[in-house]
Amino acid sequence: MASKTPVVEAKDLHAGYLPGINILNGCSLTANQGELIGIIGPNGAGKSTLLKAIFGQVNVRSGNILLNGEDITGLKANKLVEKGVAFVPQTNNVFPSLTIEENLEMGVFQNPKDFKERYDFVVSLFPDLDKRKAQKAGGLSGGERQMVAMGRALMVNPSVLLLDEPSAGLSPVRQDEAFLRVREVNQAGVTVIMVEQNARRCLQICDRAYVLDQGKDAHTGTGRELLTDPKMIKLYLGDLADQK
Amino acid sequence: MANDISVGKAEPGCKKIDPILVADNVTRQFGGLTAVDVKHVEIPRGKITALIGPNGAGKTTFFNLLTGFDKPNTGTWTYEGKDLAGMPSYKVARLGMIRTFQLTKALSLLTVIDNMRLGAQGQAGEGFFKAFIRPLWSANEKRITAKADELLTRFKLDAKREDYAAALSGGQRKLLEMARALMSDPKLVMLDEPMAGVNPALTQSLLEHIKDLKNNGTTVLFVEHDMHMVRNISDWVIVMAEGKIVAEGPPSQVMKDQAVIDAYLGAHADTDLGTVAINKIKVGK
Amino acid sequence: MNRLLKGPARAIGALIAGFLIFAGLLTASPASAADADPSTFAYTIAGTLQQDDTPITGVTIIASKDAEKFETKSDEFGEWTIMVPTDGIWKVELDTTTIPKEFNLANKDGAVNEADLSQTDFAAVLFKFGTDVVVKQSFTDQLLVRVFAGFNFGLMLAIAAIGITLIYGTTGLNNFAHGEMVTLGAMMMWLFYSFFQWNILVAGLVAVAAVTAFGWAQDAGIWKPLRKRRLGLNQMMIVSIGFGIVARYLILLFFAGDTKDISGAATVIQLGPIFTSDVTLVSMVISVLALLGVAYFLTRTRIGKATRAVSDNSSLAASTGIDVERIIRIVWVVAAALTGLAGVLYGLQFQGNWSMGYDILLLLFAAVTLGGLGAPLGAAVGALIIGMVVEVSTLFMPSELKYVSALLILIVILVVRPQGVLGKKQRIG
Amino acid sequence: MDIIQILSLALNELVAPMTVGYILCAIGLAVHFGFTGLLNFGQAAFAALGAYGYGYAVLVFGWDLWGAILFGLICAMAFAALLGIPTLRLRADYLAIVTIAASQALRFTVGSSTAAPITGGSAGQSQFGESFYALNPFPEGEYNLGTVTLTNLELWMRVVAWGLVAIAALFVFALTRSPWGRVLKGIREDEDAVRALGKNVFAYKLQALVIGGSIAAFGGMVFVMSSQANEPTNWGTNFTFITWTILLLGGAATILGPIVGGMVFFALLTLIESFLEILVNAGLLPFLLIEQVAQIRFLLVGLILMLLVIFRPQGFFGNKKEMQFNG
């Protein structure tokens, strides 16, 4: 399913929020057509920042981002959505006072004609959303919100889906559900770039992963390779584990 | 494994030989979500304790509860044997339990030296009536200023003395906030992510300052993500996940704990999601 | 800065140009300055003295307030009129020595009465003569009358308050210049309906359209550039206070300070103990329809849903592909239209003057706060409650203090339940 | 009217008791907003309570000058405490709405006929200044100050008013240079940080509200003393807004700011009004009636307030960085 055509290419990104302080220090990433890419690394390594930089929410100071070969560095969010990039933030990712159906409708705001068709597609992936479509998203549990958020992002028929920690704040069982959902979405043909703190789960489902450390891509490989790599534990827990 | 901090085996909620802070049954809920659910924890006196855990584990919320910046749903905790539950944050600080914040709260439009002076306790001139009578506080002000200058020198901020705090870099603000916290000679310093946003060049000096604190007899409790730092300076590590304390002990021991590795690397279920057929796992509502 | 100045400068330029054209048109209208000649006084107190349908002639009637005193005599039909220069509560008294012997007051204290000119420029005062046949209105009847008045007032507050809350929800701005849109609505209605004598419907539509255009221009000329500048919300609030003052005094310059009678010919209709008019009833229906329209817009239309999405979380809305600035512009236009409509209806029922909108601004804030800031339909309910409180409170306290009760409610709510009575508690931190 | 006359009018406005009344209120507001960050939009209420308290003590209790001043002060302080205790925990913009609502509620109440036995209702109070003018040390006659001619009583009023400004300025200067003032500025920057350093933030905010309100109470007394007429219409929201404009014009976190801001503001208003009147009389502004010129002053208040906040929030004297708004 995954081909070798690059869809998203980030090259040597330097970016940060505060003047003078870069969170990303020369970070690169390539996602090919149909791939499920994981971004993992210790807290504070710049994973979310990388995702936000791709989605134009962080000021990129140098380096550039290509979408299907076209430079999209610094484009506004609504332009990116038009170009088929969808983003699911880690927190506050649903509209609490809107119903589930309305949340999904917002996903396809720019092309209301497509609503019916996309809605059918999304609820075929998440049948629960259809059953509870009149319920307000504010009253949902964390896992359900995650489902709504992902469903909303899929409404635009994105070619690339950016997910920021879909497992954040979920119980282990719900986390597993969320990961399966991501896999399903990916298998439906969407290129997914996912930031995850739950590295093991992430590596289990992704095709390829980037390990970030201090704002750089320290390591890359297929999920399987990394899963069995002893360096992984070291990156997460420092070299502490070796010390007696 | 034996150690010189806990009474008996190091395990979640274990008793300490000499605790400075003891918390029981502290919970905090936001809507339906339980952010903090700590059954029992003791912080050892005169040591550096690290509070670690993945995003959303409830570390900062726990900090806020202990220091009176947030109100728990249930729970009691004592500091030096004094009950702190329900005590307003400023009183907690006056007892010698001073905290810093994850996002620095340098008082931007005060000069660096005024920031420092504000950290001092017992300045009579901070009372409204005494403020008018300079002799009542000028001697004290001199003493405070001298102390502030000494700390600024120690933290290498003396060159910035007269600058507005707004003019400092992110790392310098962290240093200033820490130095300011030390103005009151606290017994317990609580640092919320002291390394976040700090330029790597400054991290080493921050680490040294924290070690110095311990050498001067101050207890340190800090929240941190940076495992290198945790390994480097902490005597004791407490691990939180999903609001609960899942492990504690000396760093070398905790880092090998399966619960800790799981907390960071992911849940402990043995199923490999990469190989599970999608329709096998039924997704409930 | 020059580039940023452009927007506001353009708007101010346009305002000045408009002022020049408009002022030329209206130079004829008199300023408010009180003249010594009572016939130019703006406020009227009148009545008829009769006993069993017989007019009582030649009775001296004295109206007094503070140090000022005006008197007149009843004419051959028993009718009398006193013009007075200022608003407020006037004491109206019969000189009992001038009452002819064949007539007698129904009640010994009946020679003194009050005329309340705080809301209107005309008050009728009745003196009862003959045997004491005064049917004292029962408490229930009084309550009914007040509840009806409160419902009517609340409906008008509601459509204006929804405007405030939509703007607050999408932009975070506490708009202190909102009342001026109410005033502008009433003044435009006066201009087109009373002054130019247009058809009431056409005049109303044009008035609402004018306020709508004003809302659009406000956002384009002031608020959008300030949002772009990332001006803090508290700063924006102070800017809105300044803008409100400017707008208010421009209205004063254009329309002068006298009370404008906009009502035209209304037919009185009696519903049980309640006396009302066709204008009032139609106004109420229009208000209800407007509220239903807003509810429909917010819950059924795509733009309305997007408005709620922007209120919920504007950065998420932006990352979903919603053009947030466009939604905010639409919100300003809708809010201005509603608020202008409130002004038109208010003017038709209670007349208008240059500060009427500002006078009810705090009631609008009270309504919005009561309903939970940023919750449009909550604001409507809040407004109905506030309207009711204002009117019903007059049964228990002097009517001149009726706004005070609403303001006290506002303060108490903010202190006790800042999320509003109907709002949900937000997660803190 | 020639240029000299206009200038002398403007000069007179510079030192007029009304100007001083506003300046004192603006100094009080500097304590509230400039140094502590409190968005108080009810300054008129504090001034009104000072004036009403004074008038009530003189007219009803028959107290002498000092007792009456004390009573006016106590009224304003009590109001500050009453308002502050429940509201100082609120968000800054909520505080703005509560204070403006409270000041309006107060104005409606004192102006009502229900309250007339105490406050004089819509007519207000008058002729309460005897004991003040009795202290006048200047011999009867006219005093020429440059182009302005004053009676001895007018001179006395101005001397006392400016004396009060000097005292208030020194008082605030001393406070803000003390450790107490340092805590206030800390609160303005970040309440939580100051709390974490062991300061009782609420107590400081309440103190600041009471101090600023007390200075405003003096402002209110000065405001009504020269005409000896205290009417409820004086204390509308326009009073508060003018005070804000003066403060922001001069610089919110400064001592000299409110003083110079007030003088410049009123001198400027008078100049503009006079010039407009000349133009109108000369038939150059056919669309303006002469009575409408006075309304333009308020229009200018609004315009200045808007433009200041947008383009120069620090005012004349404010430090470039010191005055930013939170939020």
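So that the names make sense, note that chain A is the first sequence line, chain B the second, and so on, each numbered from 1. The structure displayed is predicted, hence computed values, not measured ones.
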Contact residues of [range] (partner chain B; heavy-atom separation under 4.5 angstrom):
| range | result |
| --- | --- |
| residues 72-82 of chain D | none |
| residues 164-178 of chain D | F171(D), A174(D), L175(D), R177(D), S178(D) |
| residues 194-207 of chain D | V194(D), R195(D), A196(D), L197(D), G198(D), K199(D), N200(D), Y204(D), Q207(D) |

Under 4.5 Å from any heavy atom of chain B - which part of L184(D)
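L184(D) has no heavy atom closer than 4.5 Å to chain B.
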With a 4.5 angstrom heavy-atom cut-off, which part of [X] approaches chain D: side chain, backbone, both or neither?
| X | answer |
| --- | --- |
| S108(B) | both |
| F69(B) | side chain |
| E141(B) | side chain |
| A106(B) | neither |

If you take all heavy atoms of F101(B) and A193(D), which pair is closest and at what distance?
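Answer, listing the atom of F101(B) first, then A193(D): CE1-CA, 4.1 Å.
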Using the rule side chain to side chain contact (heavy atoms under 4.5 Å, CB included), only one of L109(B), L107(B), L118(B), L110(B) pairs with K185(D); which is it?
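Answer after filtering L109(B), L107(B), L118(B), L110(B): L110(B).
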Non-hydrogen contacts under 4.5 angstrom with chain D: give the residues of residues 84-93 of chain B involved, or none if there are none.
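Within residues 84-93 of chain B, the residues under 4.5 Å from chain D are S89(B), Y90(B), A93(B).
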Greater than 12 external heavy atoms within 6.0 Å of K130(B)'s NZ
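Counting neighbours around NZ of K130(B), 12 or fewer heavy atoms of other residues, nucleotides or ligands fall under 6.0 Å, so no.
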Would you indicate whether K211(B), at its atom NZ, is surrounded by more than 12 heavy atoms from other residues, nucleotides or ligands within a distance under 6.0 Å?
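Enclosed: over 12 neighbouring heavy atoms sit under 6.0 Å from NZ of K211(B).
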Could you check whether any side-chain heavy atom of R117(B) comes within less than 4.5 Å of a side-chain heavy atom of P179(D), counting everything from C-beta outward?
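Side chain of R117(B) against side chain of P179(D), heavy atoms only: no contact under 4.5 Å found.
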Please step through side chain to side chain contact (heavy atoms under 4.5 Å, CB included) for the pair K105(B) and E191(D), ending with a clear verdict.
CA-CA 9 Å; K105(B) 291 190 186 291; E191(D) 280 183 30; over 6 Å; no
